Each structure stands twice: as structure tokens, then as C-alpha cells.
Chemist: 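Here it is, the structure in full.
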Amino acid sequence: MTAPVRIGIMGCADIARRRLLPAFAADPDIHIAAIASRDAARAHDLAAQYTCTPITGYDRLLADPTIEAVYIPLPVSLHAEWIERALLAGKHVLGEKPLTPDLAATARLYALAAERNLLLAENFMFPHHARNTKVRELLTQNTIGDLRTLTAVFAIPPPPPDDIRYRPDLDGGALMDIAVQPLYAALFFLGLEVQVRGVSLRHHPDHKIDTGGAILLTTPTGTTAQITFGMEHSYRSAYELWGSAGRIIVERAYAPPANEPPVIRLELAGGTEDLVLKPDDQVRNAVHAFAHAIRDRPSAQTPDRSLTLARLLADVKAAADPWSSPDKARGEPARTA
């Protein structure tokens with residue numbers, strides 16, 4: 001690395017406060033240059049904690065020529081607009097998940113990033129944890145035989161009544177905020193050829209948003225994935241890989257504590273074993289990888305997983321709404337015979 005990447009934070013979202021800002025501050029290859037908010041007081045208070053410049057308004061952040069990259073933790077409905085503005089302003093972008101709920105928009109943004117030799121990254125952090133790398137290694141070694149099914153769950157207790165996840169105008173709901181994690185796990189372990197085969201969504205009686213549901217996926221070889229998610233449950237974050245010769249079980253899967261040894265439960269014919277690994281910090285790993293990708297080769301980015309996730313989200317919405325075609329949900333022109 002040469003000089004640290006000068007990053008600006010677009011918004012004072014909870015995930016930025018609790019997780020990303022401390023990780024940025026701890027990485028010697030990243031310098032927090034500014035924090036922007038539409039609320040001047042919020043920007044000032046948060047910027048004071050990191051001895052950086054408070055900025056009122058996102059446009060002013062993008063106009064700063066000293067800022068190389070931006071982190072965008074805004075509501076999903078605002079992602080496409082501000083990611084595009086950031087790329088047009090010449091900034092590398094780390095965008096919260098999902099980048100957009102629309103396949104055509106996601107593809108367009110990645111094309112724009114490639115055209116300008118800028119890095120666009122979707123902020124999924126669990127792939128950067130050593131435990132998940134080890135699980136993939138166990139699969140490659142055929143430890144549990146031929147993989148038959150993946151079961152992935154992620155659910156949280158009900159958010160406060162004024163939470164933005166209850167706002168349909170901001171693309172709220174459990175699908176966009178919660179289901180993306182186990183769906184991404186399916187892509188991480190099963191590959192990019194998974195297809196949506198069945199969907200069941202629950203809807204809030206007062207808000208026009210989904211509060212949970214289940215999704216069935218399959219691969220061309222017949223491996224299945226069962227995804228369960230929601231925001232009206234007791235908390236659980238887990239996945240299980242079930243093969244012809246055993247099972248791999250991981251709890252606290254998507255946000256494991258950085259200071260606790262992570263565990264992989266391995267169930268084979270000869271018994272059960274808990275593989276205990278060294279603590280690992282996936283948030284620091286993810287932001288460190290982002291900084292190094294900027295300095296290395298932004299044009300070498302591979303957005304296939306992000307594009308496939310956008311396709312899956314569109315197909316889930318289409319399957320849940322019999323009057324909506326997959327092409328329409330993805331933002332593509334309808335196909336004709």
C-alpha cells in the first residue's frame with residue numbers, strides 16, 4: 001500500500017456507527033476524511049468522534065476532490081442514485097447490501113464503475129471470515145460427501161415501530177434487509193447457477209412490506225437450498241450443509257463476535273466434533289480488502305455474485321406476486337415469444 005485511502009461516509013446509519021467506522025479507523029491503510037449527513041448536527045457529532053471533517057449534504061461530500069472513496073449505508077431505495085453520483089464524481093464505492101433491488105440497475109452501475117476504472121463493492125462481510133473459508137475447504141475435501149442441501153436462516157426480533165424497515169418507500173422489509181444474508185450464503189457455497197423454485201412471504205397487516213418468509217432454491221445438479229428469514233422472531237443466524245456422509249453446522253453465522261473463537265460443528269458417522277478456530281474480525285477484513293482492491297486493480301472486480309443476488313431478489317418478488325413477470329421485477333424488458 002502507498003498512502004491510506006481517503007474515505008468519506010455518506011450518512012450516519014447505525015451500521016456505520018457500530019461497525020464500519022470503528023473498522024475504518026483501525027485500518028492503517030484507510031483514513032476517514034469526512035462524514036456527511038443531511039443533518040448538520042449529526043454530521044458534526046459523529047465526525048468529532050473520528051477527528052474528521054463534518055459535511056452537510058451528500059453532494060458536498062462528492063465534490064471534495066481529496067476524497068477517493070465513499071461508503072454508502074443509506075436506505076436501499078437511495079442506493080442506485082447515490083452510487084451512480086459517486087461513480088460519476090470519480091469515487092470508489094463501498095455500498096451496503098443489497099446494492100440495488102433491481103438487476104438492470106445493478107448491472108448498469110457495475111458497467112459504469114468498469115468504464116471509469118473505479119471499484120464498486122457490495123458490503124457483504126461474512127465471506128471475509130476465516131470460518132467460512134474453512135467451511136469451503138471442508139466441502140472441497142469432500143468431508144461430508146456429496147452436498148445435498150443447504151439450510152440457511154436469519155431472523156431478528158421486531159424492530160421499533162418507527163424503524164425504516166417498515167417503510168415501503170425506502171424498500172423496507174425483511175427480504176431486502178435480512179434475506180440477503182442467507183441468499184448470499186447460498187451463492188457463496190452453491191455457486192451462481194441457483195434458481196428460485198418456491199417462495200412464501202408474510203406481510204405486515206398495516207405496512208406494505210414483507211416481514212419474513214421462506215425461499216426454495218435449486219442448482220442444476222439437484223442440490224437444494226432452503227432459506228428462512230424474518231423480523232418477527234427470536235434471533236437466529238445460522239447455516240447447515242448436509243451431505244451424503246455428514247453435516248456442517250454454523251451458528252452466529254453472519255456476524256460472529258470478533259473476540260470469540262468461532263466454532264464449526266462437524267457431524268459424521270463416527271461422531272460429532274467441534275472445530276474451534278482462532279477469533280477473526282470479518283468487518284476489519286472486509287474494509288481492508290476494499291482498500292487494497294482500490295490500490296491494486298479496480299478494473300479486475302468480479303461482480304457476478306452481486307448480479308446474481310439482484311436476479312434472485314427479483315425472481316423472489318416475482319414468484320411471490322403471480323401478476324409480476326421475472327423480467328419486469330428485474331427491470332428488464334418483458335420477453336416475447
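Scope of the values below: all heavy atoms of this structure, side chains included, with no hydrogens, waters or symmetry mates. All values reported here derive from a predicted model rather than from experimental measurement.
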Chemist: State, to 0.1 Å, how close A43 and A36 come at their nearest heavy-atom pair, and which atoms those are.
Modeler: CB-C, 4.4 Å
Chemist: Are L241 and I249 connected in a single hydrophobic cluster, I mean Ile/Leu/Val/Met/Phe/Trp/Tyr linked by side-chain heavy atoms less than 4.5 Å apart?
Modeler: no
Chemist: Which distance, rounded to the nearest 0.5 Å, do you find between the OG1 of T211 and the CZ of R165?
Modeler: 12.5 Å
Chemist: Starting at CG of L312, measure out to CG of L307 and round the result to the nearest 0.5 Å.
Modeler: 11.0 Å
Chemist: How close do L150 and A186 get, heavy atom to heavy atom, and via which atoms?
Modeler: CD1-CA, 4.3 Å
Chemist: Is there side-chain contact between L187 and D304, with at least one heavy-atom pair below 4.5 Å?
Modeler: no
Chemist: Can you see which heavy atom on P279 is nearest to which on P261, and at what distance?
Modeler: CG-N, 3.9 Å
Chemist: So, D210 side chain and A174 main chain: donor-acceptor pair closer than 3.5 Å or not?
Modeler: yes
Chemist: Check R108 with E84, please: is the shortest side-chain N to carboxylate O separation under 4.0 Å?
Modeler: yes
Chemist: Between L313 and P98, is there a side-chain heavy-atom distance shorter than 4.5 Å?
Modeler: yes
Chemist: For the backbone of D281 and the side chain of N285, can you confirm whether one donor and one acceptor N or O come within less than 3.5 Å of each other?
Modeler: yes
Chemist: Verify the cluster assignment for I35 and V283: are they in a single hydrophobic cluster under the rule of side-chain heavy atoms below 4.5 Å apart?
Modeler: yes
Chemist: Are any side-chain N or O atoms of S244 and backbone N or O atoms of D146, one a donor and one an acceptor, separated by less than 3.5 Å?
Modeler: yes
Chemist: Taking V316 as the starting point, is it possible to reach L192 by hopping between hydrophobic residues whose side chains are less than 4.5 Å apart?
Modeler: no
Chemist: I want to check something: taking the side chain as every heavy atom from C-beta on, are L21 and L46 in contact at a cut-off of under 4.5 Å?
Modeler: yes
Chemist: Atom CD1 in I227, atom CG in L183: separation rounded to 0.5 Å?
Modeler: 5.5 Å
Chemist: Ring centres under 6.0 Å, that's the criterion: do F24 and Y71 meet it?
Modeler: yes
Chemist: Given side chains that start at C-beta, do those of I209 and M231 come closer than 4.5 Å, heavy atoms only?
Modeler: yes
Chemist: Using the rule given for side chain to side chain contact (heavy atoms under 4.5 Å, CB included), can you reason through T224 versus L217, listing the C-alpha separation, both sets of side-chain angles and the distance that settles it, and then say yes or no?
Modeler: CA-CA 6 Å; T224 60; L217 308 171; over 6 Å; no
Chemist: Is there a side chain to side chain contact (heavy atoms under 4.5 Å, CB included) between K208 and H203? Walk through the geometry before answering.
Modeler: CA-CA 7 Å; K208 294 181 179 179; H203 291 87; over 6 Å; no
Chemist: Working to the nearest 0.5 Å, report the span between CG of L170 and CE of M176.
Modeler: 13.0 Å
Chemist: If you round to the nearest 0.5 Å, how far is CD1 of I144 from CG of L138?
Modeler: 8.5 Å
Chemist: On a heavy-atom basis, which atom in I55 and which in G57 lie closest, and how many Å separate them?
Modeler: CG2-O, 3.5 Å
Chemist: Walk me through it: do D29 and H288 pass the test side chain to side chain contact (heavy atoms under 4.5 Å, CB included)?
Modeler: CA-CA 7 Å; D29 294 325; H288 192 69; 3.2 Å; yes
Chemist: Taking the side chain as C-beta and beyond, is there a heavy-atom pair between I9 and Y50 under 4.5 Å?
Modeler: no
Chemist: Are any non-hydrogen side-chain atoms of F290 and H128 less than 4.5 angstrom apart?
Modeler: no
Chemist: Mind checking whether V196 and V153 sit in one hydrophobic cluster, side chains of I, L, V, M, F, W, Y counted as touching below 4.5 Å?
Modeler: no
Chemist: Does H92 reach the main-chain N or O of L119 with its side chain, forming a donor-acceptor pair under 3.5 Å?
Modeler: yes
Chemist: In this structure, are over 12 heavy atoms from other groups packed under 6.0 Å from R202 atom CZ?
Modeler: yes
Chemist: Going by heavy atoms in the side chains, are E193 and T219 under 4.5 Å from each other?
Modeler: no
Chemist: Less than 4.5 Å apart, side chain to side chain, heavy atoms only: is that true for P75 and R167?
Modeler: no
Chemist: Is there a donor-acceptor contact under 3.5 Å from the side chain of S237 to the main chain of A253?
Modeler: yes
Chemist: Would a distance-only check, ignoring hydrogens and angles, find a side-chain to backbone donor-acceptor pair under 3.5 Å from R6 to T66?
Modeler: yes
Chemist: Look at the side chain of T143 and the backbone N and O of L139, then say whether any donor-acceptor pair between them is shorter than 3.5 Å.
Modeler: no
Chemist: Is the Y239 ring parallel, tilted or perpendicular to the F189 ring (thresholds 30°, 60°)?
Modeler: tilted
Chemist: With a 3.5 Å distance limit and no angle check, can you tell me whether E267 reaches the backbone of R247 through a side-chain donor-acceptor pair?
Modeler: no
Chemist: Quick one: do F188 and L277 end up in the same hydrophobic cluster if we chain Ile, Leu, Val, Met, Phe, Trp and Tyr together by side-chain heavy atoms under 4.5 Å apart?
Modeler: yes
Chemist: For L120 and A113, which heavy atoms make the closest approach, and how far apart are they?
Modeler: CB-CB, 3.9 Å
Chemist: Write down the atom of K97, the atom of I15, and the distance for their closest heavy-atom approach.
Modeler: NZ-CD1, 4.1 Å
Chemist: Taking atom NE2 of H233 as the centre, report whether more than 12 heavy atoms of other residues, nucleotides or ligands fall under 6.0 Å from it.
Modeler: yes
Chemist: What is the ring orientation for F126 with F124, classed by angle as parallel under 30°, tilted 30 to 60°, or perpendicular over 60°?
Modeler: perpendicular
Chemist: Show your reasoning for whether side chain to side chain contact (heavy atoms under 4.5 Å, CB included) applies to L62 and L88.
Modeler: CA-CA 9 Å; L62 297 181; L88 290 173; over 6 Å; no
Chemist: Nearest 0.5 Å, please: how far is NE2 in H79 from CG in L74?
Modeler: 6.0 Å
